[in-house]
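Here is the structure we will look at.
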Amino acid sequence: MNLWKEFTKGLIAENPIFRLALSLCPALAVTSNVYNALGMGLTVMFVITCNNISVSTFRNVIHPKVRVPVYIISIATIVTVAMLVLEAFLPVLFKELGIYLSLVVVFAIILARAEVFAAKNKVIPAMVDGLGMGAGFTLGMVTIGGIREIIGNGSFFGYQLLGSWYHPPLIVILAPGGFIVIGFIIGAMNLSEKRKKEKMEKTAAAGGNI
Amino acid sequence: MDPKDNKVNQTPEKLIVTSSPHVHDTESVTKIMWIVNLTLLPAAVFSVINFGLPALVTMLLCIAGSVAFEAAIQYWRKKEITVSDGSAVLTGLLMAMCLPPSIPWYIPLVGSFAAIGIAKHTMGGLGHNIFNPAHIGRAFVMASYPVAMTTWAVTRIGKEGDFSGAMGKIASLDVVTGATPLGILKQQGYQALVDSFGSQAAMYKALLIGNRGGSLGETSAILLIIGGLILIAKKYIKWQVPVVMIGTVGILTWILGGKVDGKLVLFTGDPILHMISGGLIIGAFFMATDMVTTPITTKGQIIFAVGCGVITVLIRLYGGYPEGVCYSILLMNAVTPLIDRYVYPKKFGSIPEPAKRR
């Protein structure tokens, strides 16, 4: 099994937010600025990796009929650890993320990776899969957060990019803006994929003629 | 009418095979759009006279922005550029009619991007949009720039009918602002509203002629009704829709709108005030009758109109905003496919099936 491939698939090809369309709730709720988006992304990356390791380690011991409660207990334990660490070292971020931190327990992407990948694979690939999916999730969150912060607030990472001549449309950092931005990003990804496919078909057809 | 039909007619060399009805007529999307634009023109011109140059600038920016975004997106998508069919102009004009008269220059441009780029072309262009583009544009800028969007300029025409209004007197100021009638009604109550016009009759007269604060298209009820009647006469819209929508608002506000000492007293509201104020007239005649975003059958359109009226009254009487026509039409746009699914026209010559036994 190619470990590098397991890692990179989560970045674009199977990006949790834009491709699998899982865990859209945090992608809408905490991406009004980059800082929160990055914090949430890294937290989820930590939880998903640890949970993949733990599920993969015990995959032969867990009875299939009770697997979901067992996974949830495992996730909840790791989330509690992450929450305590954040509360101790990054209290401001902890306060900003608020209820969404505890909601990490029920994020679809974490349970999905446990069920789809970790329960069927060895520990090392499961860990790499978790890292890749987490990185893809973080990438998606930071992209959405960046676009929304620049357009909706004229700043990036709290640093004011655009001067007072810029009048930010507030809607972009409100909930509807999240939907609109995610929709446009998914649309752009589909468009670029379609163009790439068309180009490949064209070159393939040209090659066949020669 | 489907824009595709129009396109097919432009390539006569091909043999066209279509199902019935085969109607030969000079009507086309282009013609209908430009006639709707023309019927809006009297009210638009009056609001420019009423609010002065800023209103004209807002209107031109909305139209120019809509047309430019439509052309740019169609060029980018390598589609035929159809800005001359007047639908983008109509979107811009209708959106301008929903905006306050004097707003910063960027608001009309952001609004036309939302209307054309988000509401119209992400859905596939003319004929495919779910929501009314003009109202999406208005709702978008309303959420984006809430302060600028609720600053209302007062009219230039004074109470006596000449140019001695506030703007005429204080010519050195850029703009003089005041509350809209529905805003006063929401915040200070009915008596304060009547007092601000002098008497009840003066209030009705000002509302009908359009001498009061508000959006560009909220001004002259009479001119808008004349435009709407032309559309009804041309059979572009059905008379049932505006009548039912305005009637619903009238009846519900008559029943629920009356308050004595802050307590609800049934059947004492002022239906005429609610029927001729705010964006109801333009919404009922020009927005709720949009061909794309409303149900197909007459029965469905009547359900649509009742829904719009009920939601408008709910927002006006119980909601946070003074005016709710825009949101009511957008919300009913969302249920239009559902109405179309359950409301069928009766088949000609069919016999109703006997009720099935269980």
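With a threshold of 4.5 angstrom between heavy atoms, B:Pro146 approaches chain A through side-chain atoms but not through N, CA, C or O. A:Leu191 touches chain B through its side chain: at least one heavy atom from C-beta onward sits under 4.5 Å away, while N, CA, C and O do not.
Put simply, of A:Pro168, A:Gly187, A:Pro176, the one with the most heavy-atom pairs under 4.5 Å next to chain B is A:Pro168.
Interatomic distance, B:Phe140 CZ to A:Leu170 CG, rounded to the nearest 0.5 Å: 10.5 Å.
Residues passing the side-chain contact (heavy atoms from CB on, under 4.5 Å) test with B:Ser215 are B:Trp152, B:Glu218, sequence neighbours excluded. In this structure B:Pro108 satisfies the side-chain contact (heavy atoms from CB on, under 4.5 Å) test together with B:Thr58, B:Leu61, B:Cys62, B:Ile103, sequence neighbours excluded. With sequence neighbours excluded, the residues that form a side-chain contact (heavy atoms from CB on, under 4.5 Å) with B:Leu314 are B:Val310, B:Tyr318.
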Please tabulate the donor-acceptor pairs under 3.5 angstrom that span chain B and chain A, backbone and side chains included.
unit_1   : atom_1 : unit_2   : atom_2 : d
B:Tyr106 : OH     : A:His167 : ND1    : 3.1
B:Ser144 : O      : A:Leu170 : N      : 3.2
B:Tyr145 : OH     : A:His167 : O      : 2.9

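No more than 12 heavy atoms of other residues, nucleotides or ligands sit less than 6.0 Å from atom CZ of A:Phe179.
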